[in-house]
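Model, not experiment: these values are computed from the prediction. Heads up: numbering here begins at 1 and tracks the sequence.
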Amino acid sequence: MNILRKKSASININSLLGINIYLYLMSYVLFFESGEVRIVYDGLLLLLIILGTTYILLQKRVILSPFFIASLVYGIILLVSYLYTPSPVSGKYGLTYYGICLVIIFILTNYIDCRYKIYQLIKLFVWAGVAISLKTFNYYGFGMFTMASNYTGSTRTAFRIGGDIGNSNNIGMYCMFATVFAIYLISEQKVKIKGIYIAACLLCTTVGLLTGSKKAIIILFVGTAILFITKKGNSIGKKVLMVFIAICVLSLIYWAIMKFPFFTTIKLRIEEFLKLFSDESSSSDDYARFYMFEKGMDAFRNHPFIGNGVYSSQYYFGAYSHNNYIEILMNTGIIGFIGFYAIYFMHCLKIINGSIKFSEFRSLVYSCLLLILMLGSGFVYYFSVYFQTMMVLISSIIYIELKRKRNAVKTE
């Protein structure tokens, strides 16, 4: 009788924790940056800690995944760096946000133990993108198409949706990642009603483009291309077909950007960014980021091994450096850089070694991991719950697929 009760309690906590994770990440995407109803976000975080702890205790096992251990090691390095940071006030915020990420990583790595939960998390990324798209659409209304179409001027004063309810760049990235995840689910035949996910793709892509985020464009084009090119299937004919489909889809999106006037802002921002590689003048935003890169490297050279301390970029720039690699080198030096990125490159090695070669998640892992590494040159994500959750997803896929592979070998 006691055994049945314990099993029933475990099932109930499992369901409640799954719902809590869903609501928490959704609230993070919707409310964290805007500061709206912050009490909801904080309450869901507290509930997540309580339910997560209860779930782990009922399971009577603790999974200390390689990703969590690596994240914990970097957290310790970050904590030590607080002792010598020139920005102690900002440093407290950095430590707090990273501490929250550690809690999320620990709970999620213990919760995600099967393919079903992996797919639930994948779908969560899709619906989080849909939710922020609908919130954005609700705020601006159909008038945003007219405002974007009538815009003439420089990209510095361009009309970009999202800035009034959060960060335009982040909203753009949330939307485009939702599109990439939705395309994956559709292409792998993992959803019953494809029409809903196709509609999600159209909505998120439209809103993502209207944010004017260059990182969103990278996610859309690179992410979609990798999904099709690396899709499971060994025949040369199938690979050629996937490449052809990728070219057609991306060409259609490019045509839409060039054709419709309400995409003028993103078109101009891409053109101005490309001018950096020519003799023509570019936007002040791009030059500011190059300046941060150079000054950040100078700060790193002053203390190459242990760095200048957590959030030291606040001391040098009055803001974070808009580059995850530079931020980590400035803050914690080579020691911190190795501590943070070692697990990323371990995952890359496992992929190269064929650990998930025949996995149905292969294309998604390739796409997400490469995108995270690429996007690190344009923004700081080491304390982002959203991107750390995505890394948990990647790590859990690799861990679960390797486990399935070993079990299959044993049964042969």
Side-chain angles (χ1 to χ4, degrees), residues 25-38 41 125-183 198-224 252-273 283-286 288-289 319 322 371 375 378-381 384 386-387:
L25 188 62
M26 194 73 74
S27 71
Y28 179 86
V29 170
L30 289 172
F31 307 126
F32 180 75
E33 288 170 347
S34 65
E36 301 172 82
V37 289
R38 187 61 184 268
Y41 167 80
F125 278 107
V126 175
W127 296 118
V130 170
I132 192 64
S133 296
L134 290 173
K135 180 183 178 181
T136 306
F137 202 92
N138 179 65
Y139 182 88
Y140 292 96
F142 284 100
M144 64 184 179
F145 292 102
T146 304
M147 294 170 69
S149 299
N150 294 336
Y151 169 76
T152 55
S154 69
T155 57
R156 184 67 179 172
T157 56
F159 172 75
R160 299 178 61 188
I161 67 170
D164 300 301
I165 58 172
N167 183 292
S168 295
N169 285 322
N170 288 347
I171 291 174
M173 287 191 288
Y174 298 153
C175 290
M176 292 311 189
F177 266 118
T179 296
V180 170
F181 280 110
I183 291 173
I198 292 172
C201 286
L202 293 173
L203 173 65
C204 292
T205 300
T206 301
V207 174
L209 290 174
L210 287 172
T211 63
S213 170
K214 289 173 284 191
K215 290 181 280 292
I217 281 287
I218 291 172
I219 294 168
L220 179 63
F221 277 76
V222 176
T224 303
L252 181 62
I253 295 169
Y254 177 78
W255 172 83
I257 293 173
M258 296 296 114
K259 176 72 174 178
F260 297 110
F262 43 81
F263 291 141
T264 299
T265 296
I266 188 63
K267 181 172 73 173
L268 290 176
R269 282 174 61 80
I270 293 171
E271 289 173 352
E272 287 207 346
F273 176 74
S283 70
S284 57
D285 282 346
D286 293 323
R289 296 193 181 202
H322 292 84
L371 282 172
L375 293 171
F379 84 116
V380 177
Y381 59 76
S384 166
Y386 184 90
F387 284 92

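By the side chain to side chain donor-acceptor pair (under 3.5 Å) test, Y41 is found to be paired with Y24, residues two or more places apart in sequence or in another chain being considered. Not a single side chain to side chain donor-acceptor pair (under 3.5 Å) links N167 to another residue, sequence neighbours left out. Under the rule for a ring-ring contact (aromatic ring centres under 6.0 Å, His included), the partners of F137 that lie at least two apart in sequence or sit in another chain are F142. In this structure, Y386 has no side chain to side chain donor-acceptor pair (under 3.5 Å) partners at least two apart in sequence or on a different chain. Residues that satisfy the side chain to side chain donor-acceptor pair (under 3.5 Å) test with T224, not counting sequence neighbours, are absent from this structure.
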Does the pair M26 and I132 meet the rule for a side chain to side chain contact (heavy atoms under 4.5 Å, CB included), with working shown? CA-CA 9 Å; M26 194 73 74; I132 192 64; over 6 Å; no

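The minimum heavy-atom distance between M173 and I219, with the atom names listed, is CG-CD1, 3.6 Å. Considering every non-hydrogen atom in both V126 and A200, the closest pair reads CG1-CB, 4.4 Å. Taking every heavy atom of both residues into account, G162 and Y140 meet most closely at N-OH, 2.9 Å. For the residue pair T211 and G172, the shortest heavy atom distance occurs at OG1-CA, 3.4 Å. What you find for L209 and M176 is that their closest heavy atoms are N-CE, 3.6 Å.
Note that OG of S133 and CG of L202 are 11.0 Å apart. Values are rounded to the nearest 0.5 Å. Atom-to-atom distance recorded for R160:CZ and L210:CG is 11.0 Å, nearest 0.5 angstrom. Here I217 contributes atom CD1 and I253 contributes atom CD1; the two are 8.0 Å apart, rounded to the nearest 0.5 Å. For the atom pair CD1 of I218 and CG of L375, the computed distance is 6.0 Å after rounding to the nearest 0.5 Å. Atoms CD1 and CD1, from I183 and I198 in turn, are 10.0 Å apart once rounded to the nearest 0.5 Å. Taking CG of L220 as the reference point, atom CZ of F177 lies at 11.0 Å (rounded to 0.5 Å).
Side-chain N or O atoms of T179 include one that pairs as donor or acceptor with a backbone N or O of C175 at under 3.5 Å. Although no hydrogens or angles enter the test, the distance criterion places no donor-acceptor pair under 3.5 Å between the side chain of Y174 and the main chain of C204. In this structure, the side chain of S168 engages the main chain of I161 through a donor-acceptor pair within 3.5 Å.
Sorted by first and then second residue, the salt bridge (charged side-chain N to carboxylate O under 4.0 Å, His left out) pairs involving residues 135-146 (not counting sequence neighbours) are E36-K135.
Using the six-membered ring where Trp is involved, Y381 and F379 have ring planes that are tilted, between 30° and 60° apart.
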